[in-house]
Amino acid sequence: MTESARLSVVVPLHGGEEHAEECLESLRDQTLDDMEVILVGRPRGLRPPDHRFTLITLGDGGDDPGTARNAGAAFATGRYLAFADPGSVVPADAYRALVGALDHTGSDLACGRIRTWTPYAPGHTSSSPAGAPDAKRDQKGRARLRTHITRHPKLLDDPRAGGTVFRREFWNRHGFAFPAGLGEDFPVTIPAHVLSTSADVLGDVVCLTRGSRPPADPLRRLEAMLQVSDLLGRHAPQLRTAYDLRLAEGPDLEAVLEAVRDRVPDRLAEVLGRLGRLDPGAVERLPVLRRLQIHFAAHGMTGELAELRTFAASEIRHRGVLRRGLRSRRWYLDYPFRRDPRLSRSLFDATRDLRLVACVDDVRHADDRLALTGHAYIAHLDSGRSGIELWLQRGEERISLPVRRTRRPDVTADSRQSVACHDDSGFETVIALDALPSGRWALHARVRARGVTRAGRAAGAPGERVFDAGNVRVSLTRDHGLTLGPRAAGGPRPDPDGEIGAVRWTESGELVLEGTGRCPAGRIVLERGAERHSWPVRQDEETWTVTVGRTAEGLPLRSGTWQVLASSPAGGNTRVRLSAALIADLPRPRVTGFHEISVRTSRDGDLSLAVRPALGPHERGPYATRRRRAAAPRRVTLRNAAVFDSYGGGQYSCNPRAVSEELARRHPDVEIVWVTRDGQFAVPPGVRLVLYGSREHEQALHTSRFVVANRRTQPGWYRKPRGQTVVQTWHGTPLKRLGLDLEGMPYAQRVPRDELARQVATWDLLLSPSPFATSALRGAFGYEGEILESGYPRNDVLFDPGRARAARRRLGLPGDRRVVLYAPTWRDDDTTGRLALDPARAAGALGDDDVLLVRAHYLVARDLAIPHGDRIRDVSGFPDMADLLAAADVLVTDYSSAMFDFACTGRPMVFFAHDLERYRDEVRGFYFDFEAEAPGPVLRTGDDVLDVLRYGDLGQFAARYERFARRYCPWDDGHASARVVARMRP
């Protein structure tokens, strides 16, 4: 390292960065002479590539990027200063170009474009002299030398430091420093741009990044954003409106407002108070709900803010607009506190909420014409008497298009509100391509309704389609809608080998994909998150086909968007593309079984399948709910039938399954109906399945003598008919607080009180497994009706050795292996579902005769990838937890209600409670002293859990175990289901 370098680059390290070596290699290969690199923090195991690299090890604060960067900046000797993230790659000529620009212009800082890294991301190929950057070589950006953020406001959009070089004298003069503990760049980069005399903005890519950093604490981010807002107000007021609007609409403010409760800590109160200083022009542009939230927060009106939060969660979709005023009549939203004299009427002005909603849903090419279908309306206003205009626009030039109005009840169904009808918002139009002047055109729409006019560019439906229609390139994307431009000239056409050229459906509802040439793999894989299913490819001489039907478990694809991949034997996956002809004429959505399946593409032609429940427009959405509620018959004749619902239609399991099977055995004349939300379980012969929310579901609920459920999951349109018996079984003895007892638990997901009361009012019978549960459930739900203290029906299987043997056979487990079941609960504050006990490590540490079953909670299981092998099985998708408990020899859990069920078996339990204090005191709260009563060891580390499973004497907890079982499952004896059916009196 030289004594005084030209450029100092600071890289913060906390140890273990996955791609740090690639970052350092890219810095080593820089073409800029006279550069030093300072590695700061805890660079464990990294070796400096050459003499220009210096290691600085930090003790306290070494894991914090901000602290490490500040320490590196203080140590730096260069005339210029830069910062590189350890996960980034810097193109070889990047720093030479940035420093060269600063030498040439004398600006205070220089920056370039940042692009997401891929293995094929282009490097920087500048060959210009360092003193004269080429301003025209990049087709997506041009250099702007000696500019300023006030003349180039887009610099606010990507304020990352990774692509910026600062003049060191400028840095020191203003005393810039990264905030400790925040891990964000904008508190430095935006003030630096604002306070600079000038900045150089290059058009080149100067940094390749691997994506977003871990999310920062929302309150700290909001606090830093407000500080930047104040600085803009002092030094660049012309930028403040746009910046404050982004702040006010952003997720950080949303998260902070959601966490506000009656007692507000001083620091939070100070931050909320500063919201009153937001730019008035920005606040005026916000929707009414956010304006009210900011007003209440800034004025310390926490009670009103809480009421507004409840309103937003349950009632906002049912409130519309009102027209008020004598001379100047304006639209106002009918929200809470509208008549409160403390509040200005302008807070409820709906001008910004009456926004244009315009979308092109489909475009097709035939006979030199494009046929478009879509919809357009003004939010909150009925579309019945609205007017729609469409035109293509290029600069100031317009081409009007003919409009044919169509009925679109699906638009109302998907509008997420129950007040305005948009059934008449549909349109069709045709574009004659032979008469279209050359250029780049975009589709615009104007809607007039109830004296309000809104116009703008039409958006696109989900998915992206790009295809050529003659000499016109047609692009339909979600953000930019429909654009028409010149067909791309030259360039190699993609190899059609392996492309999907045809899509068809069989009579049984299977999807057949037909490809050209050779398929790049032997199997086609459908992937959604961590879930994967595959089907074999049949290869002929010139074509290949694959038939996508039910999964290996015999189930249809669950709802969601599935990527279609070609999976090679070596383990690599490539996206499957559609042919150009098929992209221009996509297959229509198809209803098969309980699902509607749509074919989608990306702008590169990659194939995906969008799956959703096959509910018609009059069956889904709040508007349909309101109409069905109003049309519900007052008197019906009940049939000898019973409707069963487990976890909102998610499973065939738990207490409803046990009662259903007992009812079928004892009373075969009773029709058994099960509700499914997504078709993800099978039922025994003779049982009828209905889709949640469908007309069949509605009819079954309105006409059956019995309804049995284990959660508060009845649809909003359900009205209990006279004579019907509703049995609420619930789904576990409560250790964790429920319902009304969740007050004061900021992370817990609460049901609004009125909705909870509506559901509870329909219950005729509540099942309880113990006197303890009786007391807890009454208080949690405010339930005063009949409780049947019968034991839990789902635990009957734990007294049946045959069910345990059958479960082991289904899992392929020999009878002589010890089965350890790991089944943690879910955490309201962590929706990722990350497992505290590493399954692979645990399975490897257990004995050779052990097998580990991992059961992730059903709310997060589909997002987890759990390894599978001889000693480890992912059983998250196993139909019924009760069968797994029957098969297990040892249960490892944390706070799951499975502990109360498993206590019936007398088999040992181990509790991995690594976050006990936080979960108990902040997240959910407990009904009793868990540590004192747990019928097994309560452990804090994974190593302790493994030690106990390998060497521990779990028999020492026998006395506590007996007391636990006596208190929490005293009536479980294998006959609880029979007692429930007897009480129902079918």
Without swapping roles, check the side chain of [X] against the backbone of [Y] for a donor-acceptor pair under 3.5 Å.
{"X": "N710", "Y": "T729", "result": "no"}
{"X": "Q728", "Y": "L767", "result": "no"}
{"X": "D915", "Y": "R918", "result": "no"}
{"X": "D252", "Y": "L247", "result": "no"}
{"X": "Y792", "Y": "N655", "result": "no"}
{"X": "R907", "Y": "A888", "result": "yes"}
{"X": "R291", "Y": "L286", "result": "yes"}
{"X": "R290", "Y": "A248", "result": "yes"}
{"X": "T189", "Y": "R160", "result": "no"}
{"X": "R712", "Y": "R758", "result": "no"}

Which residues pass the salt bridge (Lys or Arg N to Asp or Glu O under 4.0 Å) test with [X], sequence neighbours left out?
{"X": "D894", "answer": "R827"}
{"X": "R950", "answer": "D947"}
{"X": "D901", "answer": "R794"}
{"X": "D874", "answer": "none"}

Side chain proximity check, [X] to [Y], heavy atoms < 4.5 angstrom:
{"X": "P937", "Y": "L954", "value": "yes"}
{"X": "P771", "Y": "W971", "value": "yes"}
{"X": "D929", "Y": "E931", "value": "yes"}
{"X": "C654", "Y": "H731", "value": "yes"}
{"X": "V727", "Y": "L788", "value": "no"}
{"X": "L272", "Y": "V260", "value": "yes"}
{"X": "E258", "Y": "Q293", "value": "no"}
{"X": "E304", "Y": "H299", "value": "no"}

[X]-[Y] aromatic ring centre distance below 6.0 Å:
{"X": "F296", "Y": "F337", "result": "yes"}
{"X": "Y968", "Y": "F964", "result": "yes"}
{"X": "F930", "Y": "F911", "result": "yes"}

Residues T762 and Q714: side-chain donor-acceptor under 3.5 angstrom: no
Looking only at the side chains, is there a donor atom on one of Q227 and E223 sitting less than 3.5 Å from an acceptor on the other? no
Does the salt bridge (Lys or Arg N to Asp or Glu O under 4.0 Å) test come out yes or no for R657 and D883, once each step is laid out? CA-CA 12 Å; R657 174 188 174 182; D883 288 318; 3.4 Å; yes
Over all heavy atoms of both residues, which pair between [X] and [Y] is shortest? Give the atoms and the distance, please.
{"X": "A68", "Y": "V40", "value": "O-CG1, 3.4 Å"}
{"X": "L916", "Y": "F926", "value": "CD1-CE1, 3.6 Å"}
{"X": "T733", "Y": "P769", "value": "OG1-CG, 3.2 Å"}
{"X": "I866", "Y": "A856", "value": "CD1-CB, 4.4 Å"}
{"X": "L219", "Y": "R267", "value": "CD2-NH1, 3.7 Å"}
{"X": "P879", "Y": "S653", "value": "O-CB, 3.6 Å"}

Are there more than 12 heavy atoms of other residues, nucleotides or ligands under 6.0 Å from atom [atom1] of [X]?
{"X": "D953", "atom1": "CG", "answer": "yes"}
{"X": "E962", "atom1": "CD", "answer": "no"}
{"X": "E784", "atom1": "CD", "answer": "no"}
{"X": "R940", "atom1": "CZ", "answer": "yes"}

Between D85 and R69, is there a salt bridge with N-O shorter than 4.0 Å? yes
With sequence neighbours excluded, what pairs up with [X] under the side-chain hydrogen bond (donor to acceptor under 3.5 Å, both in side chains) test?
{"X": "D678", "answer": "S559, H595"}
{"X": "D838", "answer": "none"}
{"X": "R778", "answer": "none"}
{"X": "R246", "answer": "D157"}

Fit a plane to each ring of W730 and F781, take the angle between them on a 0 to 90° scale, and name the class: parallel (under 30°), tilted (30 to 60°) or perpendicular (over 60°). perpendicular
Hey, what's the ring geometry for F928 with F772, parallel, tilted or perpendicular (30° and 60° as the breaks)? perpendicular
Return the CE to CZ distance between M909 and F900, rounded to the nearest 0.5 Å. 9.0 Å
With [X] via side-chain contact (heavy atoms from CB on, under 4.5 Å) - residues at least two apart:
{"X": "D741", "result": "R737, A780, Y927"}
{"X": "S229", "result": "R240, Y243, D244"}
{"X": "H318", "result": "E315, S418, P622"}
{"X": "S775", "result": "none"}

Six-ring centre of Y692, R677 cation under 6.0 angstrom, axis tolerance 45°: yes
side-chain contact (heavy atoms from CB on, under 4.5 Å), that's the test. Do V726 and Y718 meet it? Break it down for me. CA-CA 12 Å; V726 175; Y718 169 66; 3.6 Å; yes
Run T825 and Y919 through side-chain contact (heavy atoms from CB on, under 4.5 Å) and show every step you take. CA-CA 11 Å; T825 192; Y919 195 87; 3.8 Å; yes
